[in-house]
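Data block below; observations after.
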Amino acid sequence: MSWKNVKEHYGIKHIVQIDTHEKYGNTPCILIGSPYISDIIVIRISDAKILKRYGDGHVNGLLNELQPRLDEDEKNGTLKRLIDEPDRFGQLYPAYCIEDYRHIVKMRCEEYGYPNVTTSGKLMYENTFAPDEETARKYLLHRSKVNWEIWRWHVRDRFRYIWDEVKRLRYELNEVYNYLYVRCWGRFFIIEEKENK
């Protein structure tokens, strides 16, 4: 899965990363994008097929020049060769990724921090990566406490909602009972108003 070969071969200045998304069949893809739109161009890794192209009429000159080159190289097999060839990295440093707010995964990168990517192609967001294991553990503990509070508030709100629904249902059942009592059995009560003295 060579994202770096693709980035260097085409001189891409945008963010290049590897990600799996259900929109693209849950298969690993190379995403070429920006901080705001991560999937401007999408290339499936398994067969080097371009799943999403940069649209016509857009004004980004770099991507307007890149798209025809990618299309041509997809047809002649150059893109597949670039993806299949292993990446070559320089000096590597550790980067600790917090995944699913449960695991710390040790990865490697050439340069730490956003918008850089690890050797496996994972974009290093500031809230999910740490430069050392201790910082990653502290962040993970902090996030778990925050998530616990969010979950606690959510459960409390759900119980309040359920209790309000139960009270509403009891009121409606009481109304149905009163209707059936009068309608089916012909029984009703006459209540005299009390006089104020």
Side-chain angles (χ1 to χ4, degrees), residues 1-46 48-55 58-67 70 79 82-155:
M1 298 197 300
S2 300
W3 60 269
K4 188 177 180 189
N5 288 340
V6 173
K7 182 172 184 163
E8 289 177 348
H9 179 78
Y10 297 105
I12 299 171
K13 304 293 183 210
H14 286 71
I15 296 171
V16 178
Q17 63 177 309
I18 293 176
D19 203 358
T20 303
H21 198 282
E22 63 185 41
K23 189 175 9 176
Y24 306 113
N26 286 324
T27 59
C29 296
I30 295 175
L31 307 180
I32 302 169
S34 70
Y36 304 106
I37 305 169
S38 62
D39 60 346
I40 297 173
I41 298 174
V42 178
I43 305 165
R44 186 170 44 220
I45 291 176
S46 60
K49 181 174 174 27
I50 300 173
L51 301 178
K52 184 176 178 189
R53 291 173 162 69
Y54 185 65
H58 289 85
V59 294
N60 189 308
L62 295 173
L63 293 176
N64 278 332
E65 293 172 10
L66 174 63
Q67 189 61 63
L70 286 172
L79 187 58
L82 287 170
I83 291 173
D84 289 342
E85 189 177 307
D87 283 331
R88 292 186 186 93
F89 296 100
Q91 177 73 32
L92 294 176
Y93 303 99
Y96 295 86
C97 176
I98 293 112
E99 288 189 349
D100 301 327
Y101 300 109
R102 293 183 294 170
H103 308 291
I104 298 174
V105 180
K106 184 178 181 181
M107 298 182 173
R108 301 260 178 225
C109 64
E110 287 184 302
E111 189 176 341
Y112 181 77
Y114 182 83
N116 300 307
V117 284
T118 64
T119 55
S120 60
K122 191 164 181 82
L123 186 59
M124 291 192 286
Y125 292 104
E126 292 175 4
N127 63 343
T128 57
F129 274 87
D132 57 73
E133 191 174 347
E134 185 61 33
T135 306
R137 284 183 183 179
K138 287 179 183 175
Y139 179 74
L140 187 59
L141 286 172
H142 171 72
R143 283 304 305 163
S144 64
K145 288 177 185 175
V146 169
N147 285 345
W148 171 255
E149 288 299 316
I150 291 169
W151 181 83
R152 200 175 64 119
W153 282 95
H154 179 71
V155 168

Find out whether [X] and [Y] are in side-chain contact, i.e. whether some heavy atom of one side chain is under 4.5 Å from a heavy atom of the other.
X	Y	value
D87	T119	no
I12	W3	no
I15	P35	yes
Q67	I50	yes

Y114 and Y125 aromatic ring geometry - parallel, tilted or perpendicular at 30°/60° bounds: parallel

Can you name the closest pair of heavy atoms from [X] and [Y] and give their distance?
X	Y	answer
G113	M124	N-CE, 3.5 Å
C29	V42	CB-CG1, 3.7 Å
L123	N116	CD1-O, 3.6 Å
I98	Y139	CD1-CD2, 3.4 Å
V16	V117	O-CG1, 3.5 Å
S2	D84	OG-C, 4.5 Å

What distance separates [X] [atom1] from [Y] [atom2], expressed to the nearest 0.5 Å?
X	Y	atom1	atom2	result
L51	T27	CG	OG1	6.5 Å
L70	R53	CG	CZ	9.0 Å
D132	K138	CG	NZ	8.5 Å
Y24	I45	OH	CD1	13.5 Å
L62	I32	CG	CD1	12.0 Å
Y54	I40	OH	CD1	6.5 Å

Can a donor-acceptor pair be found, under 3.5 Å and without considering hydrogens, that links the side chain of N5 to the backbone of E85? yes

Ignoring hydrogens and angles, tell me if any N or O in the side chain of K52 forms a donor-acceptor pair with the backbone of D39 under 3.5 Å. yes

Partners passing side-chain hydrogen bond (donor to acceptor under 3.5 Å, both in side chains) against K145 (at least two apart in sequence or in another chain): none

For the pair R88 and E8, evaluate side-chain contact (heavy atoms from CB on, under 4.5 Å) and give the outcome as yes or no after the intermediate values. CA-CA 11 Å; R88 292 186 186 93; E8 289 177 348; over 6 Å; no

Could you go through residues 105-112 and list every donor-acceptor pair under 3.5 Å that involves a side-chain atom there, pairing it with any protein atom two or more places apart or in another chain?
{"unit_1": "E110", "atom_1": "OE1", "unit_2": "K4", "atom_2": "NZ", "d": "3.1"}
{"unit_1": "E110", "atom_1": "OE2", "unit_2": "K4", "atom_2": "NZ", "d": "3.0"}
{"unit_1": "E110", "atom_1": "OE2", "unit_2": "G90", "atom_2": "N", "d": "2.8"}
{"unit_1": "Y112", "atom_1": "OH", "unit_2": "F129", "atom_2": "O", "d": "2.9"}
{"unit_1": "Y112", "atom_1": "OH", "unit_2": "A130", "atom_2": "N", "d": "3.1"}

Is the count of non-hydrogen atoms from other residues, nucleotides or ligands lying under 6.0 Å from I150 atom CD1 greater than 12? yes

Residues in salt bridge (charged side-chain N to carboxylate O under 4.0 Å, His left out) contact with E149, at least two apart in sequence or another chain: R152

